[in-house]
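Heads up: the structure comes next, in structure tokens.
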Amino acid sequence: MREPPASRDTTTSSRDTAIRRRAAPLTAEDTALPGRMLMLLSRLHRSELQLQAEAEKAGAQGA
């Protein structure tokens, strides 16, 4: 059985440090995107349910 590789210390890696330095902090817009997407999906779902209900109602009246 193989042993897992030893974890390396990433605090001293210059490449990792450079990546951390370039990363911009999250803006309010960045953090709001998931909530906005959820809201839009919810609206779409509600709209589809409403259209389905109207179609069923129209089908029941026509029968």
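The first residue of the sequence shown is numbered 1, and numbering continues consecutively from there.
- Of all heavy-atom pairs spanning Pro34 and Thr31, the tightest one is CD-O, 3.5 Å.
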Throw together a table of side-chain donor-acceptor distances under 3.5 angstrom for residues 44-51, partners on residues two or more places apart or in other chains.
none

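- In this structure, CG on Leu33 lies 7.5 Å from OG1 on Thr27, to the nearest 0.5 angstrom.
- No more than 12 heavy atoms of other residues, nucleotides or ligands sit less than 6.0 Å from atom CD of Glu29.
- Here CG of Leu41 is found 6.5 Å from CE of Met37. Values are rounded to the nearest 0.5 Å.
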